[in-house]
Protein chains: 2
Amino acid sequence: MLYALKDLVILDRFIQLVDNKEMIPKDEIRETILAVASEIFSRYGYQKTTMDDIARATGKGKSSIYYYFKNKEEIFREVVEKEVLVLKSKILVAINAQTDPREKLKAHILVRMKGLKNFLNLYNALKNDFLSHFEFCEQLRTRYDKEEIGIIKEILDAGVKNGEFQIDDTSVTAMVIVTAMKGLEIPLLIETNPDTHVEIRLDKLLDVFFYGILIR
Amino acid sequence: MLYALKDLVILDRFIQLVDNKEMIPKDEIRETILAVASEIFSRYGYQKTTMDDIARATGKGKSSIYYYFKNKEEIFREVVEKEVLVLKSKILVAINAQTDPREKLKAHILVRMKGLKNFLNLYNALKNDFLSHFEFCEQLRTRYDKEEIGIIKEILDAGVKNGEFQIDDTSVTAMVIVTAMKGLEIPLLIETNPDTHVEIRLDKLLDVFFYGILIR
DNA sequence: AATTGTACTAAAAACATAAAATGGTCGAAA
DNA sequence: TTTCGACCATTTTATGTTTTTAGTACAATT
């Protein structure tokens with residue numbers, strides 16, 4: 001039992017989303033609407049995005065949108081949740097591709113740091129909005145952070161059992177890693193203009209960060 | 001030349017501030033006004049703090065305030081700058097009390113993490129204000145972060161020369177340390193209610209963080 | 001000469017209200 | 001099953017008015 005069963009279900013769902021051939025038509029249109037809405041929400045935030053905007057951008061009438069979604073709030077929540085879901089799934093895929101704990105950790109961090117961009121854009125756009133929507137995002141993140149700490153703890157534990165890592169308290173260490181990643185998000189987001197640069201920078205940073213800031 | 005001359009001047013200024021016996025009366029009143037204003041700004045932000053509030057809280061008339069300060073903006077800026085100045089000075093004092101690079105670094109981080117509380121309160125109160133004041137704070141911090149990276153780099157370099165640290169690129173490492181500290185600010189601020197707890201937590205975190213997350 | 005209180009003004013914030021835009025519904029049509 | 005146009009209640013915004021506040025001038029006080 002490497003990762004919780006729940007996570008594997010999410011993973012399946014992700015793969016289904018990526019090669020969306022098996023999607024039934026209704027879901028397909030839902031996904032289209034969500035994609036379009038995500039784009040607009042990320043650009044203008046919650047309030048300045050109107051249902052008419054979403055309808056126009058999808059080339060449909062407003063009532064059609066209401067056929068697929070209960071209300072604006074539902075669209076918003078699904079957009080945010082999907083963003084997190086996709087990232088999490090990508091991370092799980094990347095982890096599963098590696099066997100060595102050290103490589104697993106590295107893959108996790110790389111994918112997470114690069115993949116969070118979309119979510120952070122959305123997050124940023126929400127800052128000028130009603131508190132409740134920002135808070136929804138924040139709560140979702142906090143919940144996700146906890147899961148992420150758990151995932152990383154598993155990797156660390158494996159590494160400790162392996163003899164590769166020597167860590168006193170893997171819970172605290174996992175917590176520190178996640179917190180540090182959050183701290184690195186913003187500067188990375190800012191300097192993300194030339195995409196080629198990022199990878200190098202990030203890689204270098206991670207080397208310094210996780211393979212010994214100070215070596216005794 | 002351990003730290004820049006400029007820093008030592010700031011250090012002197014700080015010591016002068018702390019045992020404020022040598023202060024000429026005018027400066028003393030200025031400092032009182034600044035202290036009071038800092039309190040109010042931290043609580044209500046920039047806009048909701050009125051000059052009459054500051055005057056009333058200091059027990060003086062409004063024109064007296066204008067005798068000591070050009071305008072509200074000047075008070076605000078001095079409050080913010082002083083907050084940063086005091087923190088920086090405290091850090092320099094703490095560093096100078098240690099000789100071993102490792103202890104210097106530890107002292108730096110401890111003082112900085114614990115001392116930032118006031119500034120963060122101010123920072124937080126400003127979030128509902130005009131962007132310009134928030135940005136002023138942010139710019140000041142960014143500028144200060146750069147200085148801090150420099151200070152830490154010096155410590156790291158000393159440790160490398162010493163043979164105590166083995167670091168490829170001390171600039172990047174210093175940058176990572178500062179960034180990580182910024183990332184840890186918020187969670188620490190939240191859990192800062194019982195003061196005794198913080199110290200223990202922080203210490204444990206730092207041990208994990210800087211004395212080897214992963215040990216080869 | 002340094003400091004403070006009173007009275008004042010121009011600008012900005014807070015408020016109230018009318019006009020426009022928006023979330024959401026309904027029944028008909030495709 | 002899905003789309004559409006017309007519609008309503010509510011919210012947002014635009015507007016004009018009143019109140020508050022930053023900053024000044026100057027006499028009074030120390």
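Reminder, nothing fancy here: chain letters follow the sequence lines and each chain counts from 1. For the numbers below, each heavy atom of this structure counts, side chains included, while hydrogens, waters and symmetry mates do not.
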*asked:* Starting the side chain at C-beta, find the nucleotide from D:dC4, C:dT4, D:dT12 nearest to A:Ser64.
replied: D:dC4

*Verify whether one side chain among B:Tyr144 and B:Gln139 offers a donor that lies under 3.5 Å from an acceptor in the other.*
no

*Rounded to the nearest angstrom, tell me the gap between atom CE in B:Met51 and atom P in D:dG23.*
6 Å

*Are OP1 or OP2 of D:dT3 and a side-chain N or O of A:Tyr66 less than 4.0 angstrom apart?*
no

*asked:* With a 4.0 Å cutoff (strictly under), does any side-chain N or O of A:Ser63 reach OP1 or OP2 of C:dT25?
replied: no

*Send over the distance from B:Arg30 CZ to C:dA2 C1', rounded to a whole Å.*
15 Å

_Given D:dT21, C:dT4, C:dT22, the nucleotide with the shortest approach to the side chain of A:Asp52_ = C:dT22

*Donor-acceptor pair (no angle test) under 3.5 Å: B:Thr50 side chain, D:dT20 base*: no

_Which nucleotide wins on minimum distance to the side chain of A:Lys72, given the candidates C:dG23, D:dG23, D:dT3?_
C:dG23

*Assign A:Thr49 to base, sugar-phosphate, or nothing according to its heavy-atom contacts below 4.0 angstrom with the strands shown.*
sugar-phosphate

*CD1 of B:Ile54 versus P of D:dG23: gap in Å, rounded?*
10 Å

*Could you give the OH-to-P distance, from B:Tyr68 to D:dA22, as a whole number of Å?*
20 Å

_From C:dG23, D:dT3, C:dG5, nucleotide with atom closest to A:Lys60 side chain_ = D:dT3

*Say whether B:Ser42 and B:Asn121, considering side chains only, have a donor N or O and an acceptor N or O under 3.5 Å apart.*
no

*Kindly say whether, by distance alone, the side chain of A:Lys62 makes a donor-acceptor pair under 3.5 Å with the base of D:dG5?*
no

_Does B:Lys72 qualify as a cation-pi partner of B:Tyr66, given the criterion of NZ or CZ under 6.0 Å from the six-membered ring centre and within 45 degrees of its axis?_
no

*Could you state the CD-C1' distance from A:Gln47 to D:dT13, rounded to the nearest angstrom?*
12 Å

_So if I apply the side chain to side chain contact (heavy atoms under 4.5 Å, CB included) rule between B:Arg141 and each of B:Val80, B:Leu116, B:Val84, which one comes out positive?_
B:Leu116

*Between B:Glu74 (CD) and D:dG23 (P), how many Å, whole number?*
10 Å

*Just to confirm, is there a sub-4.0 Å distance from OP1 or OP2 of C:dG5 to any side-chain nitrogen or oxygen of B:Tyr67?*
no

*Between A:Phe136 and A:Phe76, how do the two ring planes meet: parallel, tilted or perpendicular, split at 30° and 60°?*
tilted

*Whole-Å distance separating the CZ atom of B:Arg56 from the P atom of C:dT4*: 17 Å

*May I have the distance from A:Lys48 (atom NZ) to C:dA20 (atom P), rounded to whole angstrom?*
20 Å

